[in-house]
2 protein chains.
Amino acid sequence: MGITERKEREKQEMRDKIIDAAISMFLEEGYEKTSIRNIAEKIEYSPATIYLYYKDKDELLYDVQKQAFGKLDDVFREKITAADPFERLEQICRTYVWFGINNPELYDLMFIIKAPMNAIDDNEWHNGDQALNALIGCVTECLSKQEIRFSDPRVAALSIWSMGHGLISLNIRCRIKEELIGNIDKEEMINKCINEYVQLIKK
Amino acid sequence: MGITERKEREKQEMRDKIIDAAISMFLEEGYEKTSIRNIAEKIEYSPATIYLYYKDKDELLYDVQKQAFGKLDDVFREKITAADPFERLEQICRTYVWFGINNPELYDLMFIIKAPMNAIDDNEWHNGDQALNALIGCVTECLSKQEIRFSDPRVAALSIWSMGHGLISLNIRCRIKEELIGNIDKEEMINKCINEYVQLIKK
DNA sequence: TTGAAATAATGAACACTGTTCAGTAAATTT
DNA sequence: AAATTTACTGAACAGTGTTCATTATTTCAA
């Protein structure tokens, strides 16, 4: 039954076509402009066609989010290289924040906007697993070597992540007033915060 | 000229009517359901009328945001009472996170969603000033008494704020997986993070 | 008091959005 | 070649923010 396989393949190709269009739209125009109608127009199909491949917009965005997390994983694989766990933890923090600041639209979809978290129930969201496990594994190692001032790996992981996420998302959403950062630029200020934080958690 | 004053008063009353409707809508239904049309229906006016009092939706939401910050200020005035600066800093952290967790829709408007930050240019956003100054004042005092492990008050303020914001916003946006927090509930986990953080920054 | 000017409010429209569904066109199977 | 399954779409529904010509009301001057 070669036809069934071809059909299957074509179905996947169409899904790829859709999320490729969606992702490039996301990167170029951001979330607001990425509408079903715009995606449909880009791939030269009717809007209704997209609903033959995705149940709704959230399900589609979930796949785009998966791609976004894939990009984060790529960056992590490239930059998180240190053998020493604390050194690696520092690399994780800096790389994570770097990624967020330099990919605001992707970060938005991954961690800030509501969509596509309505599409999935809590225990089936696996998009962030790889990066999260990297962090948890790292802090666990740090703890066993007594290199960080935390008692529990989960508390440590959530705390560190929250710190990074806070810096990124306040910046992306323009909630950091000029007064607060003084004359230096925002990225420099964020780096200072990371520097201080790394010193704080170091044992 | 009593008429001019009455007109002025009536104009303000109408604006109040609009944001009152908007704020109750925000609290009951959240950002998504708070549309110009719904607000108009609630106050029994035409949608177009709202545009006689507000330039656009963002300008309206800016006023709602102002009210939300007012509520935060109220809570701060009630809960931030300690004379000792470090004790007060701890109160600020706990109160801030408590407010965010218990007023997710308001917090959303204040710090997470894009709107209404497009309505205002960077240097004219004064909605968060009071709370921010409370934080900056407090860390400055902590620093002068050498009670926290920071060197710069601005870095300290942004760091502490980011930590709190990270915890709240990751929670509100359902990005914290069950695995990460184990068997305890999320609020307890968040409290543990604050506890550890307070210890971290304590000198 | 009456007519003119200024103010206030609205209905209807525009250009969007996500989504559904009946109907058509194409491919596959019988 | 006919019947059936699959793929696709146009048009519609209900919603969004926003604008504007038109209408109703109020204020002011003669």
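Throughout, protein chains are lettered first and strands after them, A, B, ... in sequence-line order, and every chain is numbered starting at 1.
In this structure, A:Tyr107 has its ring center closer than 6.0 angstrom to the ring center of A:Tyr96. For B:Phe111 and B:Phe69, the ring centers are positioned less than 6.0 Å apart.
The shortest heavy-atom contact between B:Ser169 and A:His165 is OG-NE2, 3.0 Å.
Following rounding to the nearest Å, A:Glu10 (CD) and D:dT5 (P) show an atom-to-atom distance of 20 Å. A straight line from CD of B:Glu8 to P of C:dT7 spans 12 Å, rounded to a whole angstrom. Between A:Ile39 atom CD1 and C:dT19 atom C1' the separation is 14 Å, expressed in whole Å. In this structure, CD of A:Glu41 is placed 10 Å from P of C:dC16, rounded to the nearest angstrom.
With a 6.0 Å cutoff to the six-membered ring centre and a 45° limit on the axis angle, A:Lys71 does not count as a cation-pi contact of A:Phe99.
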How does each nucleotide of nucleotides 8-20 of chain D score, in 5' to 3' order, for protein heavy atoms under 4.0 Å: base (B), sugar-phosphate only (S), or none (-)?
BBB-B---BBBBB
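In this structure, A:Gln91 contributes its side chain and A:Ala82 its backbone to a donor-acceptor pair below 3.5 Å.
Here B:Arg77 pairs with B:Asp74 in a salt bridge; the nearest charged N to carboxylate O distance falls below 4.0 Å.
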